[in-house]
Amino acid sequence: MTARSVALLLLAPAALIPAPVRAQTGSELRLSLRHDPKTFDPALVEEDAGETIRYLTGGVLVRINRITGKPEAGLAESWKVSPDGRTLQVRLRTGLRFSDGTPLTSEDVAFTFRRLLDPALHAPTGDAFRSSAGVVATAIQSPTAITVVFPATVASLERLLDQVAIQSARSPLKERAVAGPFVVKEYKAGTFVLLERNPNFWRRDAQGRRLPYLDAVRFSIQSNREMESVRLRRGELHMADRLDPEIFDRLKSERNLVAVDAGATTDLEMLWFNQAEQAPLAESKKAWFRSREFRQGISSAISRSDIARLAYRNYAEPASGPLPAASLWFNRKLRPPPYDPEQARRWFERAGFRLAGGQWWDARGNAVVFSIVTNASSKVHGQIAALIQQDLQKAGVKVNLASLEFRSLIERIGETSDYEACLLGLVNVDDDPNGQMNLWLSSSANHPWHPSQKSPATGWEAEIDRLMTAQASTADQRQRKKLFDRVQELVQEQAPVIFLVNPHALAAYSRDLRDLVPSPARPHLFWNIERLRLGNIEGASHARAALAN
Amino acid sequence: MKTVRGTCLAAVLGVYACAIGAGPLTGGSYELQDRAHAGERPGAVHWLGTDDLGRDRLVRLLYGARTSLVLAPAAALLATAIATFLGSAAALAGGRFERAALYLVDVVASTPWFFALLLMRSVLPLNVDPAVSVSITFAILGLLGWPHGVRPVAARSAAVIRSEFMRQARASGIGRMRLLRAHMVPNLMPVVAAHFWATLPVFILAEANLSLLGLGVAEPLPSLGNLMSEFRDHRAIAERPWLLAPAVLLIGMIAALQVISKKGTTSHDCT
């Protein structure tokens, strides 16, 4: 055997190692997405992966600082909201350009808002601006000055701007021309999304160097959280947030990682029953799911504190409503529904059920049995489902569990309505009630239990519609709080959604990362992405930044 | 070798006996959550400790073994029956039917069965009892796992049909049923048994793989696969080595079945 063949044999295993395992070069931040983004069109984003990409690629007029909670200037050099919350005056920075080099002017701002509020587009992001019927009016004073007049008051208007990525009216690349720190370079469905640095991003650091410092951000599509944590430990990924509690506990002992509990989030674990008219379910089941007494009975039979303690290892708080108790918008009168099997029994009796042989039966003689679907990739959801199953079994209700692959689950919930009950997490980007318009408005495609209603199916839904629209139509924060308090009370009375727990923001990141400040608000770890650096290649990054200048 | 095989047979029978008699043997329920004692180490009350929800690991292991070790042989039997029927029918009919049957084998064998399985699982009704759900999963495995057995059975059948002793038997006026019973079946048995023993561990592992993805046996029913999903992290195993029990049982059972199967696959000379 020659020396060369020995060398080849020795090198062979290295060649077999997948590329990410080898030493990383270039300032490429690596992390993962739990599933593929459904769209790259910022106006149509409605799910977590899409929001992540929008945050990193979209240029916004105003950005909310995730630590201070205060609005900061983005593409807008200055802005002013009228006292009635209807008019927005914006002065753009000069010399702004989209990633493809086309200029970003007032015309693009006007185009973005017109598109966002176009009723034909059904843009989920536009729901929060749609407090009244009518069209948005725009008056362009100059390429950098514009006035936008909404048909009615838009509450917390400047905070909402954080989610509005300005789109180009003229670029042939359409939504692929962006004004955020990164631009989508490559996407392979089910594999990865690669973002590269936007060379035209407007922001510079104190030394005048153009941001962001990172060259690229690579998202692996990785639904398996165990694999994500393994790759994080190996150094193949630089960060991961929304960690399962068990994984978080394990990562705490890793020397090359920093594991942080950033506190209670505005996210929620929740359970709801399918009340959609078009649902292919037996009429008897539809009747149960539409019964307030049935839903309240289920709610009373679930031990939220056990879910927080066992499934979340105490990294969660029992939930009382759609917002955590720490939120300023939380209705202080509310308490988490107590675990009370006796109360559950009374609710089921009121629903017209009778108990026989340890099992509840409805008036038509059907055993009260239903299924809960949840996503197969989440161990925590599996555990929560098993805890609920046991609690309800004790209460005389049989539950069958079905874990589905995420896409299949979303298809059932959003398109075919072919499910009975669903256990899933809710992502609240902001705790302002306007951020929940698409959750509560009965006409919204994201109204969980009965989406896209032409007119509210029940009186209490019509009342929630009215209250949510009213709170979105006034700039008076006290009045808004009062209106949203009533929404929270109605939701607790009717229990269309059974809120379970508010998980903490559990995250871990590589010690190589510089200037990372974890936040309980999303995105927890990369909210200041343009300022993040990878420590081991700082010099190279600076050299590149200097060249760019 | 006989001693080893005997030991393996005794071990397999012992595990089956424990798995089938899991209820009376442990007096516990695999779904009972003792929430005050969740995540406990092995002790006098819970010999293998409790899981994160307070369920007894030993009870779940025995019930899990029952799920995997009863249903996997049933699925293997189904796959073997299909392979035997199609293979022997192809050899007996010959001509176009044989070509069509073997073409079908190629088509089914080239199907990415794992995705076919996921697809079939996703269209199943959701509101089914876990026991029914797991039976359906194994039935699907059985319905997808037959192609590799068809060609060997067809080849063996053709060899038997063309053999000297079959010609003599036919010339002596022996009836078809007796021909089948006395000559075909005994001569096909080694090939059929080989397919059965080869598919059995594959099906046990397929269920384990599906369960690792959360798509196999639904909670709260345990299986060796969903029990193994707990130890995806090597440090968790170092801290809690008793988590390995399902894997040890699975590996031991598959090894024992392989040893036992060697007797079943001893070939007969049909010439």
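None of the values given here were measured: they were computed from a predicted structure. Every chain is numbered from 1 and lettered A, B, ... according to where its sequence line falls, protein lines coming before strand lines.
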Quick one: do A:Leu310 and B:Asp52 satisfy side chain to side chain contact (heavy atoms under 4.5 Å, CB included)? Show the steps, please. CA-CA 6 Å; A:Leu310 297 172; B:Asp52 289 345; over 6 Å; no

The interface call for A:Ser303 against chain B, heavy-atom contacts under 4.5 Å, is side chain

Q.
Has A:Gln390 got a side-chain atom pairing as donor or acceptor with B:Pro220's backbone, closer than 3.5 angstrom?
A. no

Comparing A:Asp306, A:Asp418, A:Val369, A:Leu409 against chain B, the one with the most heavy-atom pairs below 4.5 Å turns out to be A:Asp306

Turns out that what part of A:Asp391 lies under 4.5 Å from chain B's heavy atoms comes down to both

Given A:Gln393, A:Lys398, A:Lys379, A:Met227, the one with more heavy-atom pairs under 4.5 angstrom with chain B than any other is A:Gln393

Applying a strict 4.5 Å limit to non-hydrogen atoms, the region of A:Glu246 in contact with chain B is side chain

Rounded to the nearest 0.5 Å, the OG atom of A:Ser371 sits from the CG atom of B:Asp129 at a distance of 12.0 Å

The interface call for A:Glu420 against chain B, heavy-atom contacts under 4.5 Å, is side chain

Most contact-rich option vs chain A, by heavy-atom pairs under 4.5 angstrom, among B:Glu31, B:Glu239, B:Arg55, is B:Glu31

Under 4.5 Å to a heavy atom of chain B? For A:Asn375 that would be neither

Taken to the nearest 0.5 Å, the spacing of A:Leu401 CG from B:Leu221 CG works out to 11.0 Å

Under the 3.5 angstrom rule, does the side chain of B:Arg35 hit a backbone N or O of A:Leu387 as a donor-acceptor pair? yes

Other residues, nucleotides and ligands only: do more than 12 of their heavy atoms fall within 6.0 Å of CH2 on B:Trp47? no

